[in-house]
Trainee: 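One structure follows; several queries about it will come next.
Treat the numbers as computed from the prediction; the structure is a model and nothing was measured.
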Amino acid sequence: MTLRRASAALALVGAGIAGYLTYVHYAHVQPLCTTGGCEKVQASTYAELLGIPVALLGLAAYATLFALAWIRGATAALASTLVALIGVGFSGYLLWAQLGPIDAICQWCVAQDVVMAAIAVLCVARLLREP
């Protein structure tokens with residue numbers, strides 16, 4: 001239960017970040033940023049996938065992870081692990097884009113990367129412990 005609660009709590013943190021970035025996208029406002037790169041990252045072609053803001057995709061992933069955290073059993077553990085690992089992979093791709101083609105770092109994106117990685121660790125631990 002502790003792993004599931006921790007995953008749920010981190011999913012709320014991630015949803016807060018993704019929700020903020022989704023708001024920034026649709027409100028067409030500049031994100032609060034101390035690194036100076038958030039605007040450039042948010043305006044890049046990497047900020048959307050097939051016309052959908054990646055922040056909205058992240059919000060959906062965190063909502064899914066939050067819901068799965070409250071479901072017992074091996075199936076939910078496997079599903080949450082898959083969602084989290086896909087999230088980590090996509091986060092890695094977006095981090096590569098920030099460091100490479102975009103040449104700017106977004107503090108919100110990096111925070112999201114850390115949250116998703118932490119959730120992935122918890123989900124894998126949960127999967128290994130589920131009967």
Side-chain angles (χ1 to χ4, degrees):
M1 184 65 167
T2 302
L3 290 172
R4 291 190 296 124
R5 284 184 183 167
S7 293
L10 284 173
L12 287 176
V13 171
I17 297 168
Y20 172 69
L21 293 176
T22 300
Y23 164 77
V24 164
H25 176 86
Y26 285 114
H28 303 289
V29 297
Q30 295 180 355
L32 298 173
C33 186
T34 60
T35 60
C38 300
E39 295 170 21
K40 188 173 180 182
V41 171
Q42 291 296 314
S44 77
T45 58
Y46 294 93
E48 289 188 353
L49 180 66
L50 302 173
I52 301 169
V54 294
L56 185 59
L57 296 174
L59 187 57
Y62 286 120
T64 301
L65 288 165
F66 181 80
L68 287 168
W70 299 109
I71 301 171
R72 293 183 185 142
T75 303
L78 177 60
S80 64
T81 301
L82 288 174
V83 171
L85 290 177
I86 290 168
V88 166
F90 194 64
S91 293
Y93 164 73
L94 293 174
L95 182 58
W96 164 83
Q98 289 178 75
L99 295 171
I102 301 172
D103 193 30
I105 298 293
C106 171
Q107 68 196 27
W108 299 104
C109 302
V110 172
Q112 182 280 324
D113 295 344
V114 171
V115 171
M116 187 59 79
I119 292 174
V121 168
L122 293 172
C123 289
V124 168
R126 175 185 173 194
L127 180 64
L128 294 173
R129 290 185 183 182
E130 286 290 328

Trainee: First locate atom CG of L128, then atom CG of L3, and finally report the distance between them rounded to the nearest 0.5 Å.
Mentor: 10.0 Å

Trainee: When you measure from the side chain of Q98 to the backbone N and O of C106, does any donor-acceptor pair fall under 3.5 Å?
Mentor: yes

Trainee: Is it the case that over 12 heavy atoms from other parts of the model lie below 6.0 angstrom from the CD atom of E48?
Mentor: yes

Trainee: So how far is it from L65 CG to I119 CD1, rounded to the nearest 0.5 Å?
Mentor: 5.5 Å

Trainee: Would you say R126 and S7 make side-chain contact, with heavy atoms under 4.5 Å?
Mentor: no

Trainee: What are the two closest non-hydrogen atoms of A67 and I71, and how far apart are they?
Mentor: O-CG1, 3.6 Å

Trainee: Under a single-linkage definition using a 4.5 Å side-chain heavy-atom cutoff for Ile, Leu, Val, Met, Phe, Trp and Tyr, are V13 and F66 assigned to the same hydrophobic cluster?
Mentor: no

Trainee: Please report the closest heavy-atom contact between A55 and L21, naming both atoms and the distance.
Mentor: CB-CB, 3.6 Å

Trainee: Would the distance check show the side chain of Q112 and the main-chain N or O of A18 forming a donor-acceptor pair, the cut-off being under 3.5 Å?
Mentor: no

Trainee: Would you say L99 ends up clustered with V110 if hydrophobic residues are merged whenever their side chains have heavy atoms under 4.5 Å apart, either directly or through other cluster members?
Mentor: yes

Trainee: Measuring from R4:CZ to L68:CG, what's the distance to the nearest 0.5 Å?
Mentor: 11.0 Å

Trainee: Kindly indicate whether the side chain of V29, heavy atoms from C-beta on, has any atom under 4.5 Å from the side chain of Y23.
Mentor: yes

Trainee: Taking the hydrophobic residues Ile, Leu, Val, Met, Phe, Trp and Tyr, and joining any pair whose side-chain heavy atoms are under 4.5 Å apart, which ones share a cluster with I86?
Mentor: none

Trainee: Considering non-hydrogen atoms only, spot the tightest contact between M116 and A61 and give its length.
Mentor: CE-CB, 4.5 Å

Trainee: Please go through V54's hydrophobic cluster and name the other residues, only I, L, V, M, F, W, Y counting, with side-chain heavy atoms under 4.5 Å joining them.
Mentor: Y26, V41, Y46, L49, L50, I52, L56, L57, L59, F90, Y93, L94, W96, I102

Trainee: Nearest 0.5 Å please: distance from the CD1 atom of I17 over to the OG1 atom of T22.
Mentor: 11.5 Å

Trainee: Do C109 and Q42 have side chains that approach each other closer than 4.5 Å (heavy atoms only, starting at C-beta)?
Mentor: yes

Trainee: Just how far is it from atom CG of L127 to atom CG of L78, taken to the nearest 0.5 Å?
Mentor: 6.0 Å

Trainee: To the nearest 0.5 Å, what is the distance between CG (L10) and OH (Y62)?
Mentor: 9.0 Å

Trainee: For L32, does its backbone N or O pair with a side-chain atom of W108 as donor and acceptor, under 3.5 Å?
Mentor: yes

Trainee: Within the structure provided, determine whether R5 and W70 are in side-chain contact (heavy-atom separation under 4.5 Å).
Mentor: yes

